[in-house]
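Notes follow the structure.
Computation of the quantities below employed the complete heavy-atom set of this structure, encompassing side-chain atoms and omitting hydrogens, waters and symmetry-equivalent molecules. Position 1 is the first residue of the sequence; numbering continues from there. Every value quoted in this text rests on a predicted model; they were computed, and no experiment measured them.
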Amino acid sequence: QVQLAESGGGLVQAGGSLRLSCAASGRTFSGYDMGWFRQAPGKEREFAAAITWSGGSTYYADSVKGRFSISRDNAKNTVYLQMNSLKPEDTAVYYCAAGVVGLVPRSRAAYRYWGQGTQVTVSS
């Protein structure tokens, strides 16, 4: 079992930055690939970014590529999402997730454990 807790969300103006953190506890964090997903009101939860267990590979949705950066610190059992040049359309609840994702890091079904989410609101 892995417990995940997101933090760092908030209200920011368009063009601003936020850094989300996801702290993990329970089973060995370093053995899991990690992902960030987001869900806007009335929309399905969508993939934003993912990082392999070693940190050696990262993946991004086209909508965030070049603006968001995912990283992890296995010594601190934490994964981060640095979000720059934020846009109003980035407004959503952001969730971190853990799993062994293999070749499908963008798939929700590949992740076994989920956090409760943190709200990010970008004003225009």
Side-chain angles (χ1 to χ4, degrees):
Q1 191 79 2
V2 176
Q3 293 79 42
L4 302 172
E6 304 94 336
S7 61
L11 174 64
V12 64
Q13 288 189 332
S17 298
L18 282 175
R19 188 175 83 153
L20 306 183
S21 299
C22 174
S25 59
R27 298 189 66 178
T28 306
F29 171 76
S30 61
Y32 288 95
D33 305 310
M34 299 296 296
W36 285 96
F37 289 74
R38 64 186 187 180
Q39 188 167 17
K43 295 188 176 182
E44 290 193 357
R45 193 172 299 187
E46 65 175 13
F47 170 78
I51 187 166
T52 54
W53 66 271
S54 66
S57 296
T58 56
Y59 307 87
Y60 297 95
D62 289 343
S63 57
V64 308
K65 196 174 296 182
R67 300 187 298 121
F68 290 12
S69 178
I70 188 171
S71 62
R72 67 189 295 162
D73 185 338
N74 287 343
K76 295 183 177 180
N77 287 357
T78 303
V79 63
Y80 305 97
L81 185 67
Q82 178 67 44
M83 306 186 294
N84 299 326
S85 302
L86 283 161
K87 305 175 181 180
E89 50 264 44
D90 293 319
T91 295
V93 177
Y94 282 72
Y95 299 88
C96 73
V100 179
V101 302
L103 300 177
V104 287
R106 295 175 174 82
S107 171
R108 285 183 297 173
Y111 295 85
R112 182 173 182 181
Y113 303 105
W114 292 82
Q116 294 299 307
T118 185
Q119 177 70 48
V120 171
T121 303
V122 184
S123 63
S124 57

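K65 and D62 are joined by a salt bridge, as a carboxylate oxygen and a charged side-chain nitrogen come within less than 4.0 angstrom of each other.
Looking at S17 and N84, their side chains do bring a donor and an acceptor atom within 3.5 Å of each other.
Minimum heavy-atom separation, A50 to Y111: CB-OH, 3.4 Å. For G102 against P105, the heavy-atom pair with the smallest separation is O-CD, 4.2 Å. When every heavy atom of Q39 is checked against every heavy atom of K43, the shortest pair comes out as NE2-O, 3.1 Å. Scanning all heavy atoms of the two residues, the minimum distance from T78 to A23 falls at OG1-CA, 4.2 Å. Shortest non-hydrogen contact noted between A14 and S124 is CB-CA, 4.4 Å. Pairing each heavy atom of A92 with each of R38, the nearest pair is CB-CB, 3.8 Å.
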Ring pair (Phe, Tyr, Trp, His ring centres under 6.0 Å) between F47 and Y59, worked out: CA-CA 10 Å; F47 170 78; Y59 307 87; 7.6 Å; no
Take W114 and R108 through the side-chain contact (heavy atoms from CB on, under 4.5 Å) test and state the conclusion after the steps. CA-CA 10 Å; W114 292 82; R108 285 183 297 173; 4.1 Å; yes
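When the salt bridge (Lys or Arg N to Asp or Glu O under 4.0 Å) test is applied to K76, no partner is found at least two apart in sequence or on another chain.
Residues C96 and Y80 have side chains not in contact (no heavy-atom distance under 4.5 Å, counting atoms from C-beta outward). Side chains of E44 and E46 form no contact here, defined as non-hydrogen atoms less than 4.5 Å apart. Proximity of T91 to Q119: side-chain heavy atoms (C-beta onward) are separated by under 4.5 Å at one or more points.
Using a 4.5 Å cut-off between side-chain heavy atoms of Ile, Leu, Val, Met, Phe, Trp and Tyr, W36 falls into a hydrophobic cluster with V2, L4, V12, L18, L20, F29, Y32, M34, I51, Y60, V64, F68, I70, V79, L81, M83, L86, Y94, V100, Y113, V120, V122.
Once rounded to the nearest 0.5 Å, the distance linking CG of D73 with OG of S30 reads 11.0 Å.
Distance alone, capped at 3.5 Å, places no donor-acceptor pair between the Q13 side chain and the S123 backbone. Not one N or O on the side chain of R72 forms a donor-acceptor pair closer than 3.5 Å with the backbone of G55. Side-chain N or O atoms of E6 include one that pairs as donor or acceptor with a backbone N or O of Q116 at under 3.5 Å. Using modelled atom types, one side-chain atom of T52 and one backbone atom of S57 make a donor-acceptor pair closer than 3.5 Å.
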